[in-house]
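Working notes for the structure below.
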2 protein chains.
Amino acid sequence: MSLRHAVLGLLAESPSSGYDLLKMFDMSLANVWPATQSQVYGELAKLAADGLIQVTEEGPRGRKEYAITEEGRAELRRWIVEVEPNHVRRSDMLLRVFFLGQVDPGQARAYLRRQAELAAAEVARLEELARTLEGNEDDDLAVYGRLALEWGLRSSRMQREWAAWAEEQIR
Amino acid sequence: MSLRHAVLGLLAESPSSGYDLLKMFDMSLANVWPATQSQVYGELAKLAADGLIQVTEEGPRGRKEYAITEEGRAELRRWIVEVEPNHVRRSDMLLRVFFLGQVDPGQARAYLRRQAELAAAEVARLEELARTLEGNEDDDLAVYGRLALEWGLRSSRMQREWAAWAEEQIR
DNA sequence: GATGGACCTTCTAGTTTTGACATGTCGGCA
DNA sequence: TGCCGACATGTCAAAACTAGAAGGTCCATC
């Protein structure tokens, strides 16, 4: 049920249309909770039906602007403080590691080296993103988004170092 | 399509029944690629239909033992060396971080403190698991599983430290 | 010999996610 | 004026995942 709360959370920040939300998903939540068009529009309809959001304005091109209701805000807060995050995480990158015995050691090392490189590239990308965002701490999303970004940075560095270490282990 | 390759990978190690596989999923792949009964049995049927595995023995209680075929082994290797791991990762834990501005600072700090504690508990669990596995490096799965375990350990430590740091940031 | 626990498979019904397709409007500028 | 790119919503089918019900067999031990 997290997509629902992702939409609710964005609307809590400011009223928006489905199209606006889509852009926000792609820009700020892309690394945390990606969503497609069909998901976003579908969820907006359900949230409105449940009274957690409502249409506040109809603009050109059929644009509908939604705003969160008090009920929606309460549900969002409840979800943040009361619901335990589910920490099950799937990783096909790690799944491959389990089966590295099926390919020859050279290929296994190449695989890990490649993962180290991808992680390094991700570190660079996030550092660049951090620079872009610097000074821009006007809204909550930016402030807390910065914490999430730091997580990504630490996570990518960890992965880079782990992959280098793991490559060493294969002899 | 990773479930398919998870099953293939386990069968590459040794022929097994669906029931056996289920236990292996729960024991060794639980933290990397969890799977349910219905998924495993369904995938076994599809893999057999596609000729990537075959029934090698029918035992008591309707038990069917499957073994990987040469075709299956080739497909597994191809997946390991040629297919790029998809690095999109969803995290409702981080999603909440984005919206921490919606609750009061005390609750936000409590949330992060809780995440630090959960991560610390995970570190302890994995360290215990590592001790249990020590010396047991007879098969490939154990050797490479150890690399995955190390990833989990580093990841949990990183999360513990990040959460402590993030809590500090909120004032 | 009964009985409970481990073994073993199949099926169904629901939700979530993905990706593609379909449709149309507005605003700026060549 | 005509056209393109950005704006904007909606629907559909398929794949993946979740959760559990239902049914049956073997075996050790009491």
Side-chain angles (χ1 to χ4, degrees), chain A residues 1-8 10-11 15-27 29-50 53-66 79 83 86-92 95, chain B residues 1-8 10-11 15-27 29-50 53-66 79 83-92 95:
Chain A
M1 294 293 281
S2 293
L3 172 66
R4 145 160 295 210
H5 296 98
V7 171
L8 226 36
L10 290 174
L11 288 178
S16 318
S17 68
Y19 190 80
D20 294 338
L21 290 173
L22 234 17
K23 280 188 299 185
M24 294 187 222
F25 267 99
D26 288 345
M27 289 186 13
L29 299 186
N31 300 293
V32 159
W33 206 275
T36 60
Q37 245 190 21
S38 39
Q39 270 184 298
V40 170
Y41 285 111
E43 198 58 51
L44 282 171
K46 280 190 238 164
L47 282 165
D50 294 347
I53 63 176
Q54 51 186 208
V55 177
T56 49
E57 193 191 316
E58 308 224 1
R61 278 168 289 219
R63 177 195 162 90
K64 277 182 273 185
E65 195 173 81
Y66 292 89
W79 175 74
V83 182
N86 111 10
H87 79 298
V88 182
R89 204 111 32 266
R90 276 176 227 273
S91 166
D92 64 330
L95 186 56
Chain B
M1 296 294 280
S2 293
L3 172 68
R4 148 160 294 211
H5 296 98
V7 170
L8 227 35
L10 290 175
L11 288 178
S16 318
S17 66
Y19 190 82
D20 294 338
L21 290 173
L22 233 17
K23 280 187 299 184
M24 294 187 221
F25 267 98
D26 289 344
M27 288 187 13
L29 299 187
N31 300 293
V32 158
W33 206 276
T36 60
Q37 248 191 17
S38 34
Q39 269 185 297
V40 171
Y41 283 110
E43 199 59 51
L44 282 172
K46 281 191 236 161
L47 281 165
D50 294 347
I53 63 175
Q54 51 186 209
V55 177
T56 48
E57 192 190 317
E58 309 224 1
R61 278 166 294 217
R63 175 182 213 270
K64 278 182 273 185
E65 194 173 81
Y66 293 89
W79 175 75
V83 182
E84 276 288 345
N86 110 12
H87 78 301
V88 182
R89 203 112 31 267
R90 275 177 227 273
S91 165
D92 63 331
L95 186 56

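Every chain is numbered from 1, with letters handed out A, B, ... down the list of sequences.
Atom pair B/Leu3:CG and D/dC17:C1' shows a separation of 9 Å (rounding to whole Å applied). Going from atom CG of A/Leu44 over to atom P of D/dG10 covers 8 Å, rounded to whole Å. When the C1' atom of C/dT10 is taken as reference, atom OH of B/Tyr66 falls 11 Å away, rounded to whole Å. For the pair B/Leu22 CG and C/dC7 P, the interatomic distance rounds to 12 Å; values are reported in whole Å. We find that OH of A/Tyr19 is positioned 14 Å from P of C/dG27, with the value rounded to whole Å. In this structure, the CE atom of B/Met1 is 9 Å from the P atom of D/dA15, given to the nearest Å. Note: CZ (B/Arg89) to P (C/dT17) measures 16 Å, nearest angstrom. In this entry the distance linking CG of B/Asn86 with C1' of C/dT18 reads 12 Å, nearest Å.
A/Arg90 has a side-chain polar atom (N or O) that falls below the 4.0 Å cut-off from OP1 or OP2 of D/dT18. Side-chain nitrogen and oxygen atoms of B/Lys46 include none within less than 4.0 Å of the OP1 or OP2 phosphate oxygen of D/dA15. An OP1 or OP2 oxygen of D/dT18 is reached within less than 4.0 angstrom by a side-chain nitrogen or oxygen of B/Gln39. In this model, the phosphate group of D/dC7 is not approached by any side-chain N or O of A/Arg63 to a distance below 4.0 Å at OP1 or OP2. A close approach under 4.0 Å does not occur between any side-chain nitrogen or oxygen of A/Arg61 and OP1 or OP2 of C/dC26. The side chain of B/Tyr41 contributes no N or O atom lying less than 4.0 Å from OP1 or OP2 of C/dT10.
Among the atoms of the strands shown, only primed sugar atoms or phosphate atoms (P, OP1, OP2) are found under 4.0 Å from some heavy atom of A/Ser17. Using a 4.0 Å heavy-atom criterion, one finds that B/Thr36 contacts the bases of the nucleic acid, with or without backbone contacts as well.
Toward the 5' end of DNA chain D, the nearer of the two residues B/Glu43 and A/Gly18, judged by each one's closest nucleotide, is A/Gly18.
A donor-acceptor contact under 3.5 Å is formed by the side chain of A/Ser38 with the base of C/dG19.
Contact of the A/Asp20 side chain with the A/Arg63 side chain is registered, since non-hydrogen atoms from C-beta on lie closer than 4.5 Å. Between B/Met24 and B/Leu29 there is no side-chain heavy-atom pair separated by less than 4.5 Å.
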*asked:* Under the criterion side-chain contact (heavy atoms from CB on, under 4.5 Å), I'd like the reasoning laid out for B/Leu22 against B/Tyr41: C-alpha separation, chi angles, the key distance, then a yes or no.
replied: CA-CA 9 Å; B/Leu22 233 17; B/Tyr41 283 110; 4.1 Å; yes
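The minimum heavy-atom distance between A/Leu10 and A/Leu21, with the atom names listed, is CB-CD2, 3.6 Å.
Under a 3.5 Å cut-off, the side chain of B/Arg90 and the backbone N or O of A/Pro34 do form a donor-acceptor pair.
Checked against D/dT9, D/dA19, C/dC8, the side chain of B/Asp20 finds its nearest nucleotide in C/dC8.
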